[in-house]
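Just below is one structure, and these are the notes that go with it.
Counting convention: from 1, in listed order, for ligands and their atoms alike. What's counted below: heavy atoms across the whole structure, side chains too, no hydrogens, waters or symmetry copies.
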Amino acid sequence: MTNMYDVIIPAAGMGKRMQANQNKILLTINHKSILEHTVQVFQNDDNCRAIHLAAQRDEISTLQSMLTNYSKIDVITEGGSERQYSIYNVLKAIAPCEYVFVHDAARPFVTQDTLNKLYESVQQNHSVIAAVKVKDTIKRIENNQVEETLKRDELWQIQTPQAFSYQLLLDAYNKADADYFLGTDDASLVERVSKVHIVESDYDNIKITTPEDMFFAEAILKKRGL
Ligand SMILES: Nc1ccn([C@@H]2O[C@H](COP(=O)(O)OP(=O)(O)OP(=O)(O)O)[C@@H](O)[C@H]2O)c(=O)n1
Ligand SMILES: C[C@](O)(CO)[C@H](O)COP(=O)(O)O
């Protein structure tokens, strides 16, 4: 085993909030699907050994054809009904490796700089996630009323990639499975067994979720001169 990392890219969602009548990761920005933009980042990273995907069963062949030019694509596994189940299916299907990054197919703008920071940190800390400082004031609401104003300097907005030692992530996923625990990100599973570190990422690393995000995506590419 080398100390390079493998990446799991969950791409088996429905993209319901995008209202596009198809899986949003197949929508194109600048003549390339969102998924291809995402895969390209990891194809370009010398520290990434292999790229594993979760896909909807009836999209596996579409994805295989779309990604023939990306030499690092390895396992494409059928996803599950939730993001967590999709990632668990892949985690169980791949060969053991030193480090695993998990990165949403729907976040095509992650930078090499963020990947480098995560790679450096995961080798020391075993568990690290990308995050940015919250810019807005965040309040906790119940029944349409403010319960409290949270301390903004303690709040971070969590993104992917999230990077882990392979065995730690597998243990955390096995425990979540045994406990019927469902989290909205990978770190929330790992937090139940270990400390999780953060590295500061950037605000361009958006998750393309709703229709207006397609305009932000075009703007980010334009800013990058693409
Ligand atoms: N059962 C699922 C659900 C989500 N994902 C993936 O997880 C990432 C983050 O999820 P999200 O942005 O919420 O995507 P969707 O679930 O597709 O969106 P929606 O909730 O609007 O349907 C996406 O790359 C998506 O394809 C997945 O692999 N399997
Ligand atoms: C993992 C994630 O992208 C971190 O921000 C996010 O939690 C995914 O959430 P979603 O409900 O699948 O959009």
Quick one: closest heavy-atom pair of Asp185 and Ser188, and the distance? O-OG, 2.7 Å
For atom 12 (O) of ligand 1, what's the nearest protein heavy-atom neighbour? Residue, atom name and distance, please. Lys24 NZ, 2.7 Å
Suppose we measure from atom 7 (O) of ligand 1 to each protein heavy atom; which comes out shortest, and what is that distance? Arg83 CG, 3.6 Å
Are Ile8 and Ile60 connected, step by step, through hydrophobic side chains (Ile, Leu, Val, Met, Phe, Trp, Tyr) whose heavy atoms are closer than 4.5 Å? no
Output the list of atoms in ligand 2 that are nearer than 4.0 Å to some heavy atom of Asp104, sorted by atom number. 1 (C), 2 (C), 3 (O)
Could you tell me, atom by atom, which parts of ligand 2 come under 4.0 Å of a heavy atom of Arg107? 2 (C), 3 (O), 4 (C), 5 (O)
Return the CD to CG distance between Gln56 and Leu26, rounded to the nearest 0.5 Å. 8.5 Å
Of all protein heavy atoms, the one nearest atom 19 (P) of ligand 1 is Lys16 N, 3.5 Å
Does any N/O atom on Thr209 come nearer than 3.5 Å to any N/O atom on ligand 1? no
Numbering as shown, the atoms of ligand 1 that approach Lys207 to under 4.0 Å (heavy-atom distance): 9 (C), 11 (P), 12 (O), 13 (O)
Do other residues, nucleotides or ligands put more than 12 heavy atoms under 6.0 Å from the NZ atom of Lys207? yes
Nearest protein heavy atom with distance in Å, relative to atom 17 (O) of ligand 1: Gly15 N, 2.7 Å
Of all the non-hydrogen atoms in the protein, which one sits nearest to atom 8 (C) of ligand 1, and at what distance? Asp104 OD1, 3.5 Å
Run the numbers for me: atoms of ligand 1, each under 4.0 Å from some heavy atom of Ala106, listed by number. 24 (O)
For ligand 1, which atoms have a heavy atom of Ala11 less than 4.0 angstrom away? 26 (O), 28 (O)
Tell me which one of Val102, Asp186, Thr184, Ile129 gets a heavy atom nearest to atom 1 (C) of ligand 2. Thr184
Can you sort out which atoms of ligand 1 are near Ser86, meaning under 4.0 Å from one of its heavy atoms? 1 (N), 2 (C), 27 (C), 28 (O), 29 (N)
To the nearest 0.5 Å, tell me how far Lys175 NZ sits from Arg192 CZ. 5.0 Å
Do me a favour and list the nearest non-hydrogen protein atom to atom 4 (C) of ligand 2 with residue, atom name and distance? Ile158 O, 3.4 Å
Check the hydrophobic clustering (I, L, V, M, F, W, Y; side-chain heavy atoms under 4.5 Å; chains of links allowed) and say if Leu35 and Tyr70 are grouped together. yes
Of all the non-hydrogen atoms in the protein, which one sits nearest to atom 13 (O) of ligand 1, and at what distance? Arg17 NH2, 2.8 Å
May I ask you to list the atoms of ligand 1 that are less than 4.0 angstrom from any heavy atom of Glu82? 1 (N), 2 (C)
Rounding to 0.5 Å, atoms OH (Tyr88) and CG (Asn174) come to a distance of 3.5 Å
Among non-hydrogen protein atoms, atom 16 (O) of ligand 1 lies closest to Gly13 CA, 4.0 Å
Give a yes/no on ligand 1: does Gly80 have at least one heavy atom closer than 4.0 angstrom to it? yes
Assess the side chains of Gln159 and Asn205: does a donor N or O sit below 3.5 Å from an acceptor N or O? yes
Atom 24 (O) of ligand 1 sits nearest the protein heavy atom Pro10 O, 2.8 Å
I'd like to check which ligand 1 atoms, numbered from 1 as shown, lie under 4.0 Å from a non-hydrogen atom of Ser81. 1 (N)
